[in-house]
Amino acid sequence: MDNITLGIVIPVFGSTRSVAELVHQIHTVFTPVCTYHIYLVDDGNPENVSSWLRKNCRLPHVTLIRLKHNYGQQNAVLCGLCHAGSCRYIATMDDDLQHSPATLLRLYQTILKGFDIVYAVPGTDSRRQPSLTGGSPVRILGSRMRDLLFRVLLKLPSHIKVSSFRIMTGELAAEISGQAAGFFYLSAAVFSRPRRAVTLSYPARPRPYGRSGYTLKKLLALYWNIIRFYGPFASVFPSQKRRASALYEESSIMILGGSNCQLHAVKRARDNGYKVILADYTDHPPGAEYAHVHCRTSTFDMDGCTEAARREHVDAVMTMGTDQPVYTAACVSSRLGLPSFLSPQTALSVTNKKIMKQILADHNIPTAPWKLIDRDTAASDLDCLTPPLVIKPLDSQGQRGIFKCSQAGELLSCLPGTLSFSRSSQALAEQFYPSDEITVSGWVSKGRLTVLTVSDRLLYPDPVHIGICIGHRFPSVHMDRLPEIEALSQEVAAAFGLTEGPFYLQLLIGEEGIRVNELACRIGGAFEDVVIPYLTGFDILEAVMDLSFGRSVTLNLPRDFRPDRLGKCASVQLTFCRPGVIASCTPEAELRKLPFVLDCGYNYRPGQEIPPAHNATARFGHGVISGTPDTIAGNIRRFYQVCQVLSPTGENLLNRLYPDK
């Protein structure tokens with residue numbers, strides 16, 4: 001947010017209706033005047049207020065910042081100043097509509113004349129004598145005490161009165177916020193040396209919502225601290241020792257992984273006012289642009305992620321889109337005593353195929369025949385499996401190290417390559433089951449699974465590197481088997497002891513019935529965080545984030561909800577290209593203009609080379625297409641007409657693999 005002229009910091013405590021109206025009034029007044037941005041600081045509000053702010057303040061010109069506790073107005077303002085540091089001017093005002101945006105405009109026009117800081121105080125009322133009106137008797141008394149204090153301690157000129165309604169230069173804001181430690185009072189920090197200042201008067205307005213939280217006791221304690229830390233004997237009273245001199249702490253969340261699969265989580269966490277700590281070993285993952293801190297740590301590195309989470313004092317850990325970080329998130333949360341909807345043991349069972357297969361076998365849940373193998377396995381040991389065979393690593397992701405083999409000897413020759421993607425010395429050998437693949441996404445609440453969507457998982461046409469997904473089709477063509485799918489899914493959830501959270505199950509539907517392929521406890525990697533809200537109205541990403549902070553989640557669905565009666569269609573295009581160098585591609589912004597595109601993104605950029613599609617890392621990008629049964633096919637065709645990936649010779653490298661029907 002560079003080149004913002006005016007940053008407006010508003011501490012919020014206990015307010016909802018007044019905040020919405022204030023934001024609207026600021027937008028009306030300042031849109032034609034200058035570039036501006038509003039920083040709402042949630043000062044440890046109760047969850048119902050914080051939730052309201054998250055849902056109603058997601059606007060391009062508003063940043064929400066959520067503090068861990070109620071630190072008080074001054075420290076909340078300090079937090080806002082730090083976030084608004086790049087703005088040329090920074091204003092502060094209350095959240096209760098007593099401070100008018102019209103008066104804020106006067107402050108802005110005045111500071112342009114060369115002042116360091118300009119205050120506004122309630123003044124002359126035509127029916128009263130000039131006075132500090134508009135406040136409670138305690139607040140009025142407190143203001144007079146403060147003014148007297150400033151005159152005596154800081155030699156404040158008599159024509160200057162201070163208040164929480166003010167505007168200052170960005171340079172002044174940076175100076176005083178950079179020096180804050182131990183105790184902070186903004187106006188005392190401002191006048192620790194002479195400033196070019198002026199005070200404006202405005203007609204007092206009644207407080208339309210809520211009431212002041214100030215008491216005489218609180219004011220006396222506040223002014224005693226001003227004397228202690230800003231008076232002539234401040235050196236006698238050393239500042240209170242706080243961690244890293246912090247006077248406030250923001251609620252923070254660590255997100256494991258910063259690829260396009262996790263990008264929406266990073267953005268949502270930031271929009272929700274959290275400080276975002278990103279763990280991703282790559283130098284420039286897409287999520288790093290939106291995270292506050294990027295820790296270059298592998299999501300597989302349990303100790304590294306734990307240390308980073310401890311160092312950044314995170315309050316929650318989450319991931320989405322990929323399997324192995326699910327286990328890391330559960331372990332880090334357990335080590336640091338943070339909330340988690342999965343125990344480390346359960347998280348391991350849904351990310352390690354050895355444990356997963358054994359649990360399924362123990363509960364007589366149908367799967368393809370399988371056997372664990374290692375470097376000592378002989379071809380004859382696999383006589384129990386009928387070729388063709390499939391080899392998989394026990395603990396990898398993205399279809400890395402998965403091969404389809406025609407016979408046992410070929411499978412064993414693939415073992416070193418498969419183990420190179422694993423931390424285990426064993427791998428999984430399965431009997432290949434000719435089938436369609438479907439994905440069940442759902443939500444478990446109090447041990448009961450609700451199926452939200454069933455989609456067809458469409459695969460890249462490679463006879464060896466199998467399982468690479470090219471797209472999801474919602475709803476599945478197998479919805480006539482929904483009762484059977486729901487019953488089997490509930491069996492799986494019960495077998496793994498799942499009680500709360502997301503559910504993601506891959507099933508195989510063939511001539512011998514339905515078989516379980518794999519289970520995951522996460523939001524799917526095919527952008528289900530976009531599709532599920534569109535199809536069902538349930539914001540699964542917000543729900544996972546709430547669970548990660550230990551908050552309860554209500555599954556708000558229509559009473560008659562059924563995943564086979566959605567009335568809408570969606571298609572997730574996971575796009576692939578022929579190998580080659582990218583010279584240019586259709587801008588993402590152009591694709592987003594298509595009215596049926598819910599989301600899109602690229603994993604490669606011009607100048608990069610696209611490798612052969614041996615696993616999901618070769619995926620070029622994605623597009624999430626919406627529609628109805630009558631329009632979805634035409635919308636997909638239109639998407640591919642617009643989206644082009646050109647080589648240096650002008651050849652369109654984009655493969656059109658997704659079926660028309």
Side-chain angles (χ1 to χ4, degrees), residues 4-11 30 33-34 36 39 73-78 80-82 84-94 98-124 130-135 139-140 142-180 183-204 219 222-223 225-227 229-232 234:
I4 298 295
T5 302
L6 176 62
I8 304 167
V9 175
I10 306 174
F30 279 92
V33 175
C34 66
Y36 73 95
Y39 299 85
Q73 184 186 52
Q74 293 294 318
N75 291 339
V77 166
L78 174 61
L81 295 184
C82 293
S86 62
C87 300
R88 184 177 179 185
Y89 301 102
I90 301 175
T92 73
M93 60 194 305
D94 292 348
Q98 284 189 300
H99 295 166
S100 163
T103 302
L104 178 59
L105 178 59
R106 290 179 57 209
L107 291 176
Y108 173 71
Q109 293 168 337
T110 303
I111 202 168
L112 294 177
K113 298 176 181 179
F115 292 101
D116 296 317
I117 188 166
V118 182
Y119 285 93
V121 297
T124 303
S131 64
L132 286 173
T133 61
R139 191 70 182 270
I140 294 172
S143 298
R144 290 173 176 168
M145 291 171 58
R146 178 197 57 212
D147 290 343
L148 177 61
L149 203 59
F150 276 37
R151 306 256 184 274
V152 174
L153 292 180
L154 303 174
K155 310 302 181 184
L156 189 69
S158 59
H159 67 281
I160 301 297
K161 290 184 172 62
V162 301
S163 76
S164 59
F165 195 10
R166 62 212 149 196
I167 187 171
M168 68 197 82
T169 63
E171 292 84 353
L172 176 57
E175 176 190 329
I176 60 177
S177 60
Q179 296 173 354
F183 171 79
F184 178 74
Y185 194 87
L186 191 149
S187 291
V190 166
F191 292 106
S192 59
R193 65 184 184 87
R195 308 289 183 183
R196 293 167 295 175
V198 69
T199 298
L200 304 181
S201 177
Y202 68 91
L219 289 172
L222 172 65
Y223 297 146
N225 278 328
I226 293 175
I227 294 172
F229 296 108
Y230 292 99

Colleague: Atom CD of Q179 and atom CZ of F184: how far apart are they, to the nearest 0.5 Å?
Modeller: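 Separation between the atoms: 10.0 Å.
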Colleague: At what distance, to the nearest 0.5 angstrom, does OH of Y108 lie from CZ of F30?
Modeller: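 With rounding to 0.5 Å, OH (Y108) is 8.0 Å from CZ (F30).
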Colleague: Of the non-hydrogen atoms in C82 and S177, which two are nearest, and what is the gap between them?
Modeller: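 Result for this residue pair: SG-CB, 4.1 Å.
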Colleague: Residues in salt bridge (Lys or Arg N to Asp or Glu O under 4.0 Å) with R196, at least two apart?
Modeller: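 For R196 the salt bridge (Lys or Arg N to Asp or Glu O under 4.0 Å) partners, ignoring immediate neighbours, are D116.
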Colleague: Tell me, please, which residues at least two apart from S187 pass side-chain hydrogen bond (donor to acceptor under 3.5 Å, both in side chains).
Modeller: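 With neighbours one apart ignored, the set is Y119, R166.
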Colleague: Going by the rule side-chain contact (heavy atoms from CB on, under 4.5 Å), which residues pair with A173 if we only count those two or more places apart in sequence or in a different chain?
Modeller: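 Result, side-chain contact (heavy atoms from CB on, under 4.5 Å) vs A173: L81, I90, M168.
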Colleague: Measuring from atom OG1 of T92 to atom OH of Y39, what distance do you get when rounded to the nearest 0.5 angstrom?
Modeller: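 T92 OG1 to Y39 OH: 14.0 Å, rounded to 0.5 Å.
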Colleague: Y89: which residues meet the side-chain hydrogen bond (donor to acceptor under 3.5 Å, both in side chains) condition with it, sequence neighbours left out?
Modeller: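 With sequence neighbours excluded, Y89 shows a side-chain hydrogen bond (donor to acceptor under 3.5 Å, both in side chains) to no residue whatsoever.
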Colleague: Decide yes or no on side chain to side chain contact (heavy atoms under 4.5 Å, CB included) for L6 and V33, but give the supporting numbers first.
Modeller: CA-CA 10 Å; L6 176 62; V33 175; over 6 Å; no
Colleague: Report the C-alpha distance between I176 and V190 in whole Å, list the side-chain angles of each, state the deciding distance to 0.1 Å, and finish with yes or no for side chain to side chain contact (heavy atoms under 4.5 Å, CB included).
Modeller: CA-CA 7 Å; I176 60 177; V190 166; 3.9 Å; yes
Colleague: Among all residues two or more places apart in sequence or in another chain, which pass the side-chain hydrogen bond (donor to acceptor under 3.5 Å, both in side chains) test with Y36?
Modeller: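 Testing Y36 for side-chain hydrogen bond (donor to acceptor under 3.5 Å, both in side chains), a comparison that skips the adjacent residues, returns H27.
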Colleague: Taking side-chain contact (heavy atoms from CB on, under 4.5 Å) as the test, write out the residues that go with A197, two or more places apart.
Modeller: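 Per chain and number, A197 pairs via side-chain contact (heavy atoms from CB on, under 4.5 Å) with I117, I160, F191.
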Colleague: Pairs of donor and acceptor atoms involving the side chains of residues 99-107, under 3.5 Å and at least two apart or interchain, shall be tabulated with distances.
Modeller:
| from | atom 1 | to | atom 2 | distance (Å) |
| --- | --- | --- | --- | --- |
| H99 | ND1 | D94 | N | 2.9 |
| S100 | OG | A102 | N | 3.0 |
| R106 | NH1 | S201 | O | 2.9 |

Colleague: Filter on salt bridge (Lys or Arg N to Asp or Glu O under 4.0 Å), then keep only pairs touching residues 169-180, sequence neighbours left out; what's left?
Modeller: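 Checked against salt bridge (Lys or Arg N to Asp or Glu O under 4.0 Å) - neighbours excluded - the pairs reaching residues 169-180 are E175-R193, E175-R195.
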Colleague: Can you sort out the partners of S192 under side-chain hydrogen bond (donor to acceptor under 3.5 Å, both in side chains), two or more places apart, ordered by chain and number?
Modeller: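 Here no residue qualifies.
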Colleague: If you measure from CZ on F115 to CG on L172, what distance do you get to the nearest 0.5 Å?
Modeller: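 Rounded to the nearest 0.5 Å, the CZ-CG separation comes out at 14.0 Å.
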